[in-house]
Each structure stands twice: as C-alpha cells, then as structure tokens.
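Okay, structure first, notes after.
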There are 2 protein chains.
Amino acid sequence: MDRQLLKTFVAVAEAGSFSAAAPRLHCVQSNVTTRIKRLEDQLGGALFERGRGGAQLTQLGERLRYHAEDLLTRFEAAERDLLDAASRSAPLRLGAMESTAAVRLPHLLKALTQACPTAPISLHTGPTAELLSLVWQQKLDAAFVAGPVDASRFQSLVGFRETLVMAQATEPSATAPLLSFRSGCSYRAVAEAWLRSLGKSDTRILDMGTLDGILGCVEAGIGFAVAPQAAVTAYRNAEALRVSALPPAFAISETHLVWRQDSAMTRAHRTLCDLIARPEGEERVSVG
Amino acid sequence: MDRQLLKTFVAVAEAGSFSAAAPRLHCVQSNVTTRIKRLEDQLGGALFERGRGGAQLTQLGERLRYHAEDLLTRFEAAERDLLDAASRSAPLRLGAMESTAAVRLPHLLKALTQACPTAPISLHTGPTAELLSLVWQQKLDAAFVAGPVDASRFQSLVGFRETLVMAQATEPSATAPLLSFRSGCSYRAVAEAWLRSLGKSDTRILDMGTLDGILGCVEAGIGFAVAPQAAVTAYRNAEALRVSALPPAFAISETHLVWRQDSAMTRAHRTLCDLIARPEGEERVSVG
DNA sequence: CATGGTTACGCGTATCGTAAAAATG
DNA sequence: CATTTTTACGATACGCGTAACCATG
C-alpha cells in the first residue's frame with residue numbers, strides 16, 4: 001500500500017471510472033488498471049465493481065477511501081510543514097471572496113511576497129461557504145471570509161473591518177439595478193438584505209467581475225452599488241459618484257481570515273497574520 | 001515523500017547510522033544513502049549530520065521523524081483494518097505476561113484459532129509495563145496485563161480473576177527460596193509484596209520459565225511458589241503439593257485485556273473479547 | 001586505519017505507453 | 001455497438017547489489 005497507489009485509488013473513486021482518472025494522474029488508463037489490481041491483490045478483495053458506466057466502490061472500497069483520503073491529507077500536511085521548516089518556506093494556498101480579492105488583497109499580497117519572497121502564494125476566489133469547506137478539507141491553508149466564524153472548527157483573525165456605503169450616479173433613477181459581484185459575495189448579501197428590509201425584493205441585479213467595472217457602470221448611471229467606503233473614495237473618478245450611508249445594521253462588514261486550528265501554521269501564514277494584526281500604515285513607516 | 005522513504009528514514013533514525021539501518025531494511029547500505037538523499041532533495045535540507053559515530057538527526061530530521069512515525073503508524077493501522085474488512089481477517093498481535101501465557105492462554109488461543117482460522121495470531125510476552133507501552137505504540141493490538149488499568153488511555157476487559165495460593169513441598173524448609181517467573185510477572189510481584197509484609201525481605205528468588213518447571217521444583221522440595229490455584233490443582237502430581245491460602249489482600253489477582261481505545265478492533269480482536277466475556281465452561285459445552 | 005558514508009556501474013525487473021482484445025449494458 | 005476495462009508486449013528507467021572510492025576521528 002503505497003502512496004501512489006492510494007492517489008490512484010482516490011482519483012478513480014472521485015472520477016467514477018478508470019479511464020476518467022487516468023488523465024488526472026497524468027498517465028494512461030492501463031496503468032490505472034494495473035495499480036488498482038495491485039491494491040486489490042494486497043488487500044485480498046475487490047475495491048470497485050466494474051460496469052458499463054465506470055467503476056463503483058465496493059464496501060471494502062468505501063472503507064479504503066476513508067483511510068486513503070485521511071492518509072493522503074496527512075501526507076500533504078506533513079510535507080508542507082517540512083518544506084516550511086527547511087530552507088524554502090511552504091507554499092501558501094490562500095482563499096478569498098472575490099470582493100476581498102479585488103479590494104484588499106493587492107496591497108496585502110504585495111507586502112506578503114516582499115516579506116516571504118520564497119513562498120509561492122496561490123489564490124482561490126469563491127463564496128464564503130465554499131472557502132470554508134476548502135479550508136476544512138485542507139485544500140486551502142487559510143481564507144478571507146465573511147464573519148462571524150465558527151470558533152469550534154476554525155481559528156480566525158479579523159482581517160478587515162469595512163464601512164459599506166451605497167454609491168450611485170448623481171442622477172439616480174428609480175428603477176436602477178444593483179450592480180454587484182457574483183453570488184456568494186458578502187457585500188452582495190448585505191445589499192440584498194438591505195433591499196429586502198426596504199421591501200424592494202424586485203430589484204434587478206447585474207453581476208460583474210471587478211469593482212472598477214461596477215463603479216464605472218455606476219458612474220455611467222446604469223445602477224447603484226454597495227461597496228466598501230475605502231474602495232469608493234479611491235475610485236479614480238470618485239467625485240462623479242454620490243455616496244450615501246447604509247443603515248448601521250448593514251454598514252459594518254467584517255472580513256475574517258480563517259484556518260483550521262489543528263493544522264500547523266507555515267511561515268508565510270504566520271507572516272500574513274502579522275501583517276493583518278498590525279495596521280497597514282505602520283507597515284509603510286517601517287519600510288520607508 | 002514515499003512510504004518506503006519514510007520507513008528508511010525512521011530505520012536510520014532508530015539505528016543511529018546508515019549502515020546499521022540497512023540490515024533492518026533488508027537491503028544494502030548504499031540504498032539507504034540513495035533514499036535518504038532523495039528525501040533530503042525533496043525537502044530541501046539535510047536530515048542527518050554524518051559523522052564518525054553514525055548519523056545524527058538535524059532539527060529538520062527531528063521534525064520529519066515526528067511526522068514519519070505518525071504517518072507510518074497510521075498506514076499500518078489502516079492496513080490492518082482493511083485486511084480485516086477483506087476476506088482474510090487481520091493478524092492479531094497479542095501480548096501477555098509470561099505467567100498468563102503459560103497458564104491461561106493455551107486454552108484461549110486454541111478456541112480463538114478455531115473461531116478465526118484465517119487470522120494469524122502472534123504472541124509477545126513481557127512484563128506489564130512493557131506490554132502497555134507496546135500497545136500504546138500500536139505495536140500490539142491487545143495485551144493481557146495485571147490490573148488495574150488506566151481507563152483514560154486504554155480500553156479493557158477483565159480477562160481472568162485468579163485466586164493465588166502458595167504451593168510448597170510436604171516437607172517445607174525454613175530457608176526455602178521463592179520459585180517464580182522472571183521479573184515483571186504479576187504473580188511474582190504479589191509474592192514479593194506478601195513476603196515484604198511478613199518482613200521476609202531476604203528470601204532468595206529463583207527464576208524459571210515455565211509453570212511446570214516451577215511446580216516440579218516445588219514438588220522436589222527446592223522451594224515454594226505463588227501461583228494460580230487452578231494451575232496448581234491441575235498439576236499432574238498435585239497431591240504431592242501442600243497448598244495454603246494467601247492473606248485476602250494478596251490472594252486475588254485480576255488480569256485485564258487492554259487495548260487502545262482509539263484503534264479499530266479487528267475481527268479476531270472482537271472474537272477474543274467475546275471468548276473472554278463468556279465463561280470458558282460454556283464454551284466447552286457448546287463444542288461438545 | 002578502521003568505521004561509516006558516498007559514488008560508479010552493471011543488471012534485473014517494475015512500470016510505463018501503445019495497441020489490440022474482451023467484457024458489459 | 002459504443003464505452004470501459006483487461007491483457008499483451010516491447011522499451012525505458014528506476015532501484016537493486018557489488019565494489020571501489022572518500023571522509024573523519
């Protein structure tokens with residue numbers, strides 16, 4: 001029972017067939033057959049029931065899957081910890097909501113890469129629920145999500161405390177749509193909740209990928225947006241926007257950095273926490 | 001970071017040198033060099049400091065050792081669980097005090113091998129403390145030890161409740177030595193405690209390996225012994241022995257079967273527990 | 001200079017990919 | 001009959017052991 005065999009096995013279990021697993025493993029399908037057969041020989045029982053529609057786990061297979069996923073995850077966690085302890089620091093797999101990624105991360109990641117030049121940093125964006133799941137599965141080391149956070153499963157740090165405002169064109173239209181990031185964004189969730197509280201459940205929503213795009217459309221009078229105050233005032237043509245406060249219940253948005261409490265923190269991860277804990281301004285002073 | 005590499009690494013760490021590790025791994029020393037080098041390349045740092053007296057772990061090596069031992073143990077636990085789930089049941093690695101092994105296990109193991117013919121059963125004998133350590137390290141699946149047992153770390157079952165008696169020749173001598181199993185045996189510990197309570201701390205002790213040998217020597221008038229009543233009455237020439245009771249504080253000895261509570265129980269293990277839970281007499285009836 | 005680690009090298013076999021055959025619904 | 005798995009087979013490369021070569025206390 002080797003690591004490669006377990007990887008192959010899990011890939012087949014996930015892909016649902018031998019042939020679909022092969023490309024994921026960067027090998028040909030006959031190799032998959034051989035390896036699964038070896039595994040089955042070693043364990044003395046069938047792991048899959050082969051049929052027309054691919055391969056389905058047997059009872060024994062289900063059991064192996066449980067162990068295999070656990071073992072492989074632990075392998076990877078150990079590898080990261082050791083890479084970090086050795087010369088090069090381990091890669092940091094970061095997650096963030098799209099809005100956070102757009103508004104806040106550029107400065108932060110710049111500082112982080114300066115502080116940890118050897119740590120490759122990857123970023124996955126997605127809605128809060130997906131990010132939490134990925135962190136829990138240890139596919140991500142940490143993620144920026146909308147708070148509050150379940151403290152029994154995750155460790156967390158308040159990353160950013162935003163004041164949300166509404167931005168609209170100087171000539172507002174009554175039937176203007178809400179311009180927002182894709183579904184799952186916490187700013188969007190706030191905006192929707194706010195609109196519901198006003199009884200405006202029929203407001204149209206336009207999805208956009210970037211904050212600049214959203215504010216650009218707002219400026220053009222296409223609709224209105226709910227966004228962090230800092231982002232709005234930093235907009236290149238901020239004076240063209242009319243900014244109004246949200247009711248206090250909706251105005252404050254906290255973004256937390258979360259990670260599994262039982263996973264070892266890598267160097268880059270600790271550095272990130274330091275950068276968040278200390279105000280950004282102070283950072284600049286120490287550099288300049 | 002492969003399983004074999006970790007095995008090699010741990011072997012070197014335990015053996016203290018590359019050359020000493022090689023025979024344990026059933027390979028030649030140059031292979032050890034190659035594998036450790038691969039590991040070091042992958043992690044990007046040295047794992048050992050090579051010197052005259054062998055190889056010593058670096059800081060990174062210590063860290064890897066922690067992970068490696070954990071991973072390897074989990075691998076083996078998973079393997080056992082899966083072998084058990086597949087056709088053949090997993091091997092049962094049993095431990096027992098020497099006296100238990102001699103007096104009680106023959107019947108029990110016979111019944112167990114009948115009930116689980118496909119499970120290879122191995123037996124390691126040793127004193128209670130060693131057995132508990134081996135069970136904790138998951139080198140043994142379960143062991144018979146002298147109670148009481150630390151319930152926070154181990155799960156246990158009362159295996160045998162013995163009445164201990166003193167056996168001596170019909171013509172006892174005042175300066176006779178105690179005939180006993182090797183140090184660490186719980187019967188011997190009882191005998192020593194009893195003698196201490198009588199102020200006879202100068203009694204000589206003769207070590208023997210088998211109960212028959214001990215009772216044979218008792219019969220020959222060489223000394224006296226503390227042994228389970230059942231074993232004494234079952235002795236082939238029992239009428240030649242004079243049996244006397246021990247004070248109640250020393251007469252009762254409980255042998256527990258213990259195992260780690262967080263390890264999955266294999267088929268043979270469950271069967272063993274069943275056999276212990278039900279009285280042996282009943283077993284015979286169902287067979288005859 | 002003896003002990004222990006490294007490097008060089010030839011060899012066997014495990015594992016790879018290609019390709020054809022068998023199974024399955 | 002299309003899709004998926006198994007088997008056959010030659011080529012490559014990986015990992016083994018032998019043996020000679022270094023390092024070091």
Side-chain angles (χ1 to χ4, degrees), chain A residues 1-62 64-65 68 72 75 79 86, chain B residues 1-62 64-65 68 71-72 75 79 86-87:
Chain A
M1 217 169 78
D2 211 351
R3 194 182 177 186
Q4 189 198 34
L5 295 186
L6 293 186
K7 269 188 184 160
T8 306
F9 168 79
V10 169
V12 173
E14 283 177 351
S17 83
F18 286 39
S19 39
R24 300 191 186 195
L25 297 163
H26 309 295
C27 72
V28 297
Q29 184 270 346
S30 70
N31 291 333
V32 178
T33 296
T34 309
R35 293 182 204 158
I36 296 297
K37 176 168 280 196
R38 262 222 303 291
L39 212 41
E40 288 179 327
D41 285 347
Q42 285 177 25
L43 296 177
L47 293 169
F48 294 99
E49 267 164 16
R50 284 80 156 165
R52 161 80 174 154
Q56 198 139 15
L57 285 170
T58 62
Q59 205 170 356
L60 180 63
E62 295 280 8
L64 175 58
R65 184 177 193 175
L72 290 176
F75 247 106
E79 232 161 17
Chain B
M1 218 169 74
D2 210 350
R3 193 182 178 185
Q4 190 199 33
L5 296 185
L6 293 186
K7 268 188 183 161
T8 305
F9 168 79
V10 169
V12 174
E14 284 177 352
S17 83
F18 286 38
S19 39
R24 299 191 187 197
L25 297 163
H26 309 294
C27 72
V28 297
Q29 184 269 347
S30 70
N31 290 333
V32 178
T33 295
T34 309
R35 294 183 204 157
I36 296 296
K37 174 168 280 193
R38 263 221 303 289
L39 212 41
E40 288 178 326
D41 286 348
Q42 286 177 25
L43 296 177
L47 294 168
F48 295 99
E49 268 162 15
R50 283 81 156 166
R52 163 79 174 155
Q56 199 139 15
L57 285 170
T58 63
Q59 204 170 354
L60 179 63
E62 295 281 7
L64 176 57
R65 184 176 193 176
L71 284 168
L72 290 176
F75 246 107
E79 232 161 18
S87 57

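Here the structure is a predicted model, which means the values were calculated and not measured. By convention in this document, chain letters (A, B, ...) are assigned in the order of the sequence lines, proteins followed by strands, and residues within each chain are numbered from 1.
Separating the CZ atom in Arg35(B) from the OG atom in Ser30(B) is a distance of 9.5 Å, to the nearest 0.5 Å. Rounding to the nearest 0.5 Å gives a distance of 11.0 Å between CD of Gln4(A) and CG of Leu39(A). Distance CZ/Phe9(A) to CG/Leu57(A): 5.0 Å, rounded to 0.5 Å.
Atom CD of Gln42(A) and atom P of dA14(C) are 13 Å apart (whole Å). Separating the CG atom of Asp2(A) from the C1' atom of dT15(C) is a distance of 13 Å, rounded to the nearest angstrom. Computed from coordinates, the Gln4(B) CD to dC14(D) C1' distance equals 11 Å when rounded to whole Å. What separates CD1 of Ile36(A) from P of dT4(D) is a distance of 16 Å, to the nearest Å. One can place CG of Leu47(A) at 11 Å from P of dT6(D), the figure rounded to the nearest angstrom. Between Phe48(B) atom CZ and dT24(D) atom P the separation is 18 Å, expressed in whole Å.
Near DNA chain D, defined here as any heavy-atom distance below 4.0 Å, the residues from residues 21-35 of chain A are Gln29(A), Ser30(A), Thr33(A), listed numerically. Contacts between residues 6-18 of chain B and DNA chain D, counted as heavy-atom distances below 4.0 Å, involve no residue at all. In the region residues 52-59 of chain B, proximity to DNA chain D at under 4.0 angstrom, judged on heavy atoms, holds for Arg52(B).
Summarising the local packing, CD of Glu14(A) is surrounded by more than 12 heavy atoms from other residues, nucleotides or ligands at distances under 6.0 Å. Annotation for Gln59(A): atom CD does not count as buried by contact number, only 12 or fewer foreign heavy atoms lying within 6.0 Å.
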Inset, instruction - List the steps, then state whether side chain to side chain contact (heavy atoms under 4.5 Å, CB included) holds for Met1(B) with Arg3(A). - result: CA-CA 8 Å; Met1(B) 218 169 74; Arg3(A) 194 182 177 186; 3.8 Å; yes
Inset, instruction - Take Asp2(A) and Arg38(A) through the test side chain to side chain contact (heavy atoms under 4.5 Å, CB included) and record every step on the way to the result. - result: CA-CA 10 Å; Asp2(A) 211 351; Arg38(A) 262 222 303 291; over 6 Å; no
Inset, instruction - Could you go through the side chain to side chain contact (heavy atoms under 4.5 Å, CB included) check for Leu6(A) and Leu64(A) one step at a time? - result: CA-CA 9 Å; Leu6(A) 293 186; Leu64(A) 175 58; 4.0 Å; yes
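Judged purely by atom type and a 3.5 angstrom limit, Thr58(B) uses its side chain to pair as donor or acceptor with the backbone of Ala46(B). In this structure, the side chain of Glu40(A) engages the main chain of Leu47(A) through a donor-acceptor pair within 3.5 Å.
In this model, the phosphate group of dG15(D) is approached by a side-chain N or O of Arg38(B) to a distance below 4.0 Å at OP1 or OP2. Distances shorter than 4.0 Å separate some side-chain N or O of Arg50(A) from OP1 or OP2 on dT6(D). Between Ser19(B) and dG5(C), a side-chain N or O to OP1/OP2 separation shorter than 4.0 Å is present. Residue Lys37(A) has a polar side-chain atom (N or O) positioned under 4.0 Å from OP1 or OP2 of dT7(D).
No engagement by Glu49(B) is indicated, since no non-hydrogen atom pair under 4.0 Å with the nucleic acid exists.
The aromatic rings of Phe75(A) and Phe75(B) sit perpendicular to each other, their planes meeting at more than 60°, with 30° as the lower class boundary.
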